[in-house]
Amino acid sequence: MKNKIFTGVFALLLFGLAILTLALPKKTFSETENRTLAALPKPTKETVLDGQFTAGFAKWLSDHYAGRDLFVSVKSGFDLLLGAPEHGGVYLTNKGLVDSFTEKDAKEFDKNIGAVEAFQQKLTAYGADFRLLVAPTGTEIYADRLPAGAPVLDAAPLFDRLRENAAFVDLTGVFDAHRDEDLFYTTDHHWTARGAYLAYCEWMNARGETPKTEADFKLETVTDSFYGTLYSRFGLFLPVFRDTLVAPAPEALGHVTRTNSKGETFDSLYAPETLTGKDKYLYFLGGNDSIVELSTDAGTGKSLLLVKDSYANAFLPYVMPEFDRVTVIDLRYYSMDVVMNLVKTNAYTDVLVLYNLKSFASDRNLELLPLE
Amino acid sequence: MVFSSLEFLSLFLPAVFAFYFLCPVRFRNGLLLIASLFFYAWGEPLYVTVMLASMTLNYVLGLLLGKAQSPGARKGVLAAGVSLNLLLLGVFKYGNFVIENVNGIFGTAIPALKLSLPIGISFFTFQAMSYVIDVYRGKAAVQKNPFSFGLYISLFPQLIAGPIVRYSTVEAEINHRTSDFASAARGIRRFVSGLAKKVILANGVGAIFTSLLANGAALPAIPAWIAALSYAFQIYFDFSGYSDMAIGLGLIFGFHFEENFNYPYVSKSITEFWNRWHISLSTWFKEYLYIPLGGNRKGKLKQVRNIFIVWLLTGLWHGAAWNFILWGVYYGCLLLLEKFVLGKALKKLPAALQHVYALVIVLFGWVLFAFDDVKLLPAFFGSMFGANGLLAADTPYFLLKNALFFVLCAAACLPVWKTLGEKWQAKHESSKAFFAAETLWYVLLFLLSVASLVEGSYNPFIYFRF
């Protein structure tokens, strides 16, 4: 009798998983993983014989497996029970998730600083104010929260090299001084509104301008259930940490018109329609795009060319009152032209290269910056 | 297809179970045959023809042996049979190895064969030879039913990774077997344990091995020893896990395969180790090579020669590369040493020392086995003995991160849990709570294994939209 029950339990388990996986409706995009899920491959003579079909089928099956996210959580939880608090390259600290940063992540640093400086050199002919802002991330600022001996690359030599450039906006001092504030999200690798604001202040000071106060920007809570990139990479889907997304209210920015690379226009810097998805950071700018044109009613007569990674998305709101026009370029997607042509055809008064340290040190597209 | 995959666990297996147990007994062998061919073809869409060819060849050989009456004719068929099987294995597995070495020695430029290794060919060819030899010896009857014979060769539980099931072992069950709930339950427990060993332990420790050797064979000493240990764990859990799954699946269908592993890492000598590791292979070699060569019945000199030949070939069976041959010879020499020189002295040592001796020898053996590029061996042995210092900067963190997992692996090598489990089962035979706990344990192991497989494909794409 016991054996019948035992066998029955497993039969249920086996058939249950099979039926659930085959019968449940299939999603095409995974919010947690931020990628499109594999499609069921069609078996053709060629793909069957060379193994592509079976490989593709296996991928499809695991991508659409019943309870996928739950299973990932279970395994991540098990791994964490057994070892040091790190999974998927993300550390678990008592105050939040922190990204890793290793030698492998810094391979492109020298090449990139070289490319930026070559670009900087070419810009001198155009009389724009050039600044380089490479922001420290939570990995650097909260290094003391990481587990003992964690193999994190010492960023000091990298910042020393950056400081050799007069146009470098050094945030390390300010961020260290304010480290007890929430400068970075606990489930996402980006900086918070506070972190971005401090960066804005330093950048304004560097340009000899007076930054507005935080109150001027009428910060408001956009959402209080933000689970970001680190949450996804860590793989344990439990609300141990949760973030609140705060941003300057749209009214504080004046009238902003945003045109994306497809030519669609919006009358806000923000994209509130993205708040229904998992990645709330998309609220800023609607996400990353090859080129975004912003025009404001600031009436300052100034224009900004911003070459950036996603950190700049949270920085941009503060910048809106300073410029009539901002051209935002993401080199990972911008392939329709070279940046130098933009410089030549538009009389930008300011140019800013804004990256976080990890992406600056690992990005493989910055070398395109000085090309003509 | 492999057992440790979602398509096997969630699609193939439920389907096969459903059809098998719902269809009439006389169709079951045919069904299993079709399922096994599908299973094999899934992973080898092209070379399934090689297996079919081997099946046909050996089936015909069996029939010929049945027809042939004179000892000369029978011997002829046997010789032809063994040669053809070895030729098949030789060409696919060792063809390019031979060509490379001939080119190397004679400076010729014979082009490499455009062949890859059909999965499981080492296993099914040895099984096929065991059939031919057993029929020749009269130990088994000729299998006249081609489907039943095909099933013996291709039975999916042991097709890909063993155990090597000799024909005489399953002859009766191929023709007539029964399934019952008790065996099914035992089979499920065995299968789940094997799955967990493979997916949770082997894959985990394998990832550690790969990451330690990501930058070549020059490592500091502690990481090098950990890498060797990782490999030792990986190969044991991988291989024994697969055997567990094979035996478990066999039980569900009514087959009783012999044990292939018996907690080899508790051995006190190399002789003992080889009675506990890949038992079906040593048994095969003993039965079909060592004893026919004379075994130990033709004097000491011939015995040494026989042991040497068996171990040379055991090494070679594992792979077409010089390190495997070296590994085989390494063990051959050690076994000879233990048999003729060290044996008695060894037994006088305290048990703990005997264990250490055996484990160290086995660990070095795995180092030989792990590097099929022999040129890396001196570098790695150097690493183990401190050529590159004692630790790396991240060694303390690495140890912290993986210590518990290694303890788990070490614990899983011990037979104590099995004995404890059996004691408890006997003691709490009628306890409902115990049964519930036991069932829950296996369900959790199974779900954790599935979770592991699913998580293996978890690949959050960070930059595209972030």
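In the text below, chain A, chain B and the rest are named by the order of the sequence lines, each starting its count at 1. Because only heavy atoms are used, hydrogens play no part in the values below, and waters and symmetry mates are left out as well, while side chains stay in.
Residue A:D144 places its CG atom among more than 12 non-hydrogen atoms of other residues, nucleotides or ligands, all under 6.0 Å distant. Enclosure of atom NZ in A:K107 is not indicated, since only 12 or fewer non-hydrogen atoms of other residues, nucleotides or ligands lie within 6.0 angstrom. Atom CD of A:E103 has 12 or fewer heavy atoms from other residues, nucleotides or ligands within 6.0 Å. For B:F434, the CZ atom sits in a packed shell: over 12 heavy atoms of surrounding residues, nucleotides or ligands are nearer than 6.0 Å.
A donor-acceptor pair shorter than 3.5 Å can be found between the side chains of A:D309 and A:N356. Between the side chains of A:H190 and A:S310, at least one donor-acceptor pair of N or O atoms lies under 3.5 Å. For A:D79 and A:S76, the side-chain atoms include no donor-acceptor pair closer than 3.5 Å.
Only the side chain of B:V192 comes within less than 4.5 Å of a heavy atom in chain A; its backbone stays farther off. For a residue to count as touching a neighbouring chain, one of its non-hydrogen atoms must lie under 4.5 Å from one of that chain's; by this rule A:A150 touches chain B with backbone and side chain alike. Proximity to chain B (any heavy atom under 4.5 Å) is restricted, for A:F10, to the side chain, taken from C-beta onward. In this structure, chain B has a heavy atom under 4.5 Å from the backbone of A:L81, while its side chain stays farther away. At a 4.5 Å heavy-atom cutoff, the contact between A:H87 and chain B is made by side-chain atoms alone. Proximity to chain A (any heavy atom under 4.5 Å) is restricted, for B:L9, to the backbone atoms N, CA, C and O. Within the 4.5 angstrom heavy-atom criterion, atoms from both the backbone and the side chain of A:S62 approach chain B. Of the atoms belonging to A:L14, heavy atoms from both backbone and side chain fall under 4.5 Å from chain B. Contacts of A:V48 with chain B are made by both backbone and side-chain atoms, with heavy-atom separations under 4.5 Å. Within the 4.5 angstrom heavy-atom criterion, no atom of B:I252 approaches chain A.
Ranking B:L448, B:L453, B:L46 against chain A, the residue ahead of the rest is B:L448, based on heavy-atom pairs under 4.5 Å. Comparing B:W42, B:Y442, B:F17, B:F405 by how many heavy-atom pairs each has under 4.5 Å with chain A, the most go to B:W42. Counting heavy-atom pairs closer than 4.5 Å to chain A, the top residue among B:A184, B:G43, B:A182, B:A41 is B:A182. Interface check for chain A: of the options B:A15, B:A18, B:P396, B:S452, the most heavy-atom pairs under 4.5 Å are formed by B:S452. Among B:I188, B:L11, B:D394, B:L400, the residue with the largest count of heavy-atom pairs under 4.5 Å with chain A is B:I188.
Tested against B:D244 for a salt bridge (charged side-chain N to carboxylate O under 4.0 Å, His left out), the candidates B:K198, B:R186, B:K197 yield a single pass: B:K197.
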side-chain hydrogen bond (donor to acceptor under 3.5 Å, both in side chains) between B:S10 and A:Y65: does it pass, once the steps are laid out? CA-CA 9 Å; B:S10 291; A:Y65 202 74; 2.4 Å; yes
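The pair A:D289-A:K262 does not meet the salt-bridge criterion, since no charged nitrogen lies less than 4.0 angstrom from a carboxylate oxygen.
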